[in-house]
Protein chains: 2
Amino acid sequence: MNVSPESSDLLPREQAEALLAQHGIAATEQRLEIARLLFARHQHLSAEQILAQLSLQASRVSKATVYNTLNLFAETGLVREVIIDPAKRFYDSNLDPHHHLFHTDTGRLEDVPPARIQIADLPGLPAGTEVLGVDVVIRVATRKPQ
Amino acid sequence: MNVSPESSDLLPREQAEALLAQHGIAATEQRLEIARLLFARHQHLSAEQILAQLSLQASRVSKATVYNTLNLFAETGLVREVIIDPAKRFYDSNLDPHHHLFHTDTGRLEDVPPARIQIADLPGLPAGTEVLGVDVVIRVATRKPQ
DNA sequence: AATACGAACTAGACTTTGTCTAAACCGCTG
DNA sequence: CAGCGGTTTAGACAAAGTCTAGTTCGTATT
Ligand SMILES: [Mn+2]
Ligand SMILES: [Mn+2]
Ligand SMILES: [Zn+2]
Ligand SMILES: [Zn+2]
């Protein structure tokens, strides 16, 4: 289940409350727990990783609530859903515009500053459609020894 | 299961054989069936769509073989695997470099000519890594009536 | 303080995509 | 014709995510 052994600092509760408020999300104990964990730093976590981390702490949050909450966060733009790994969705706590570097052999996901990549001009979009986002993913692998 | 009611023309068998040969893949009846279907035109199909289409024709190809074959095609670069829809992988028969426009509400996936999007410069990559690909995805939705 | 009510949470069943295993099959070659 | 890789197959399995129906929670009203 691969719980990273990172520092377990959480975002202060007041800051988590502010984040939810800014996005019009009612604060609940479980939503705050998830926000405090996810926004502790810039990172990309899957639902299962969050579930596992919460279990490590004493925070009992059910699987259904973790999924519901992440969907809610994503809908309101509080987190960015990153579709890169075909097996699972990542939730990105970095809200600044940026792109991604994906190491296919390790599963590691890295942020790439947007300045280095220029989208020249988007194609003319069909009328009545709105752009939700432009995602750039650079897939890399460790070079095969030949 | 959503089998599109498109014309059921298949790629001529000889051309499918040539494609496999070019990529060092041994030709079998099942692999040819899949290639003839997928490369009939530029399109993006999921494994399940291919399985369903094959069933419509009299071609009995097992689920395991469809998945095995698509993985084989993807590894050898005969098809391009497109990770966009978190629920399933698409296999792209358009081998020319290009980007994608994804309609999140319909699931429709459209090609975008690469000329319109410029990648200015890639970040300095860690030594010993090779770029497998750079994918640009524009996610759009039908504008909500407000 | 007791009650009512909508929102949120939960356990667990369920669905879907994709992988794996073990047996059967197929085309060759010796 | 026996043997041998490589391929195909059915069906079991795994994992992510969704759904349902019942419970709990927070708050407002009496
Ligand atoms: Mn989700
Ligand atoms: Mn090629
Ligand atoms: Zn990111
Ligand atoms: Zn395409």
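Residue numbers begin at 1 in each chain, while the letters A, B, ... track the order of the sequences. Computed from a predicted model, the values in this text were never measured in an experiment. FYI, side chains are in, hydrogens and waters are out, and symmetry mates aren't considered; it's all heavy atoms of this structure.
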Closest nucleotide among C/dC9, C/dT17, D/dT18 to the B/Lys88 side chain: C/dT17
Within the 4.0 Å heavy-atom criterion, would you say B/Thr28 contacts the bases, only the backbone, or no part of the nucleic acid? sugar-phosphate
Identify, between B/Pro86 and B/Lys63, the residue whose nearest nucleotide on DNA chain D lies closer to the 5' end. B/Lys63
With under 30° as parallel and over 60° as perpendicular, where do the rings of B/His44 and B/His98 fit, or are they tilted in between? tilted
Contact between B/His99 and B/Ile138 at the side-chain level, heavy atoms closer than 4.5 Å - yes or no? no
Taking atom P of C/dT17 as reference, at what distance in whole Å does atom CD of B/Gln49 sit? 10 Å
Cluster check B/Val140, B/Ile84: I/L/V/M/F/W/Y, side chain < 4.5 angstrom: no
Sugar-phosphate means primed atoms, P, OP1 and OP2; the rest is base. With that split, encode nucleotides 21-30 of chain C 5' to 3' as B, S or - using protein heavy atoms under 4.0 Å. ----------
Connected via hydrophobic side-chain network under 4.5 Å: B/Val79 and B/Val137: no
Provide, to the nearest angstrom, the distance between the CG atom belonging to B/Asp85 and the P atom belonging to D/dT18. 11 Å
Nearest-Å distance, CD (A/Glu33) to C1' (C/dC9)? 14 Å
Could you check how far CD1 of A/Ile50 sits from C1' of D/dA15, rounded to whole Å? 17 Å
Interatomic distance where CG belongs to A/Leu51 and P belongs to D/dA16 [whole Å]: 10 Å
Side chain of A/Thr65 only, heavy atoms from C-beta on: which candidate in D/dT7, D/dG17, C/dC9 is closest? C/dC9
For A/Gln30 and C/dT10, is the shortest distance between a side-chain N/O and OP1 or OP2 below 4.0 Å? yes
Could you give the CG-to-P distance, from A/Leu45 to D/dG17, as a whole number of Å? 13 Å
Please state whether the phosphate of D/dT8, meaning OP1 or OP2, lies under 4.0 angstrom from any side-chain nitrogen or oxygen of B/Arg60. no
Using the rule that Ile, Leu, Val, Met, Phe, Trp and Tyr join whenever any side-chain heavy atoms are under 4.5 Å apart, tell me whether B/Val136 and B/Leu109 fall into a single cluster. no
Side-chain N or O of B/Arg31 less than 4.0 angstrom from OP1 or OP2 on D/dT7? yes
Contact check, side chains of A/Leu132 and B/Phe102, non-hydrogen atoms, under 4.5 Å: no
Just compare C/dT17, D/dG17, C/dA11 and give me whichever is closest to any side-chain atom of A/Ser62. C/dA11
Would you mind reading off the distance between A/Glu81 atom CD and D/dT18 atom C1', rounded to a whole angstrom? 14 Å
Same cluster or not: B/Leu72 versus B/Leu19, using hydrophobic residues (I, L, V, M, F, W, Y) connected whenever any side-chain heavy atoms lie under 4.5 Å apart? yes
Rounded to the nearest Å, what distance is computed from the OH atom of residue A/Tyr67 to the P atom of nucleotide C/dA11? 15 Å
Compare side-chain N and O positions of B/Asn71 against OP1 and OP2 of C/dG18 and report whether any pair is under 4.0 Å apart. no
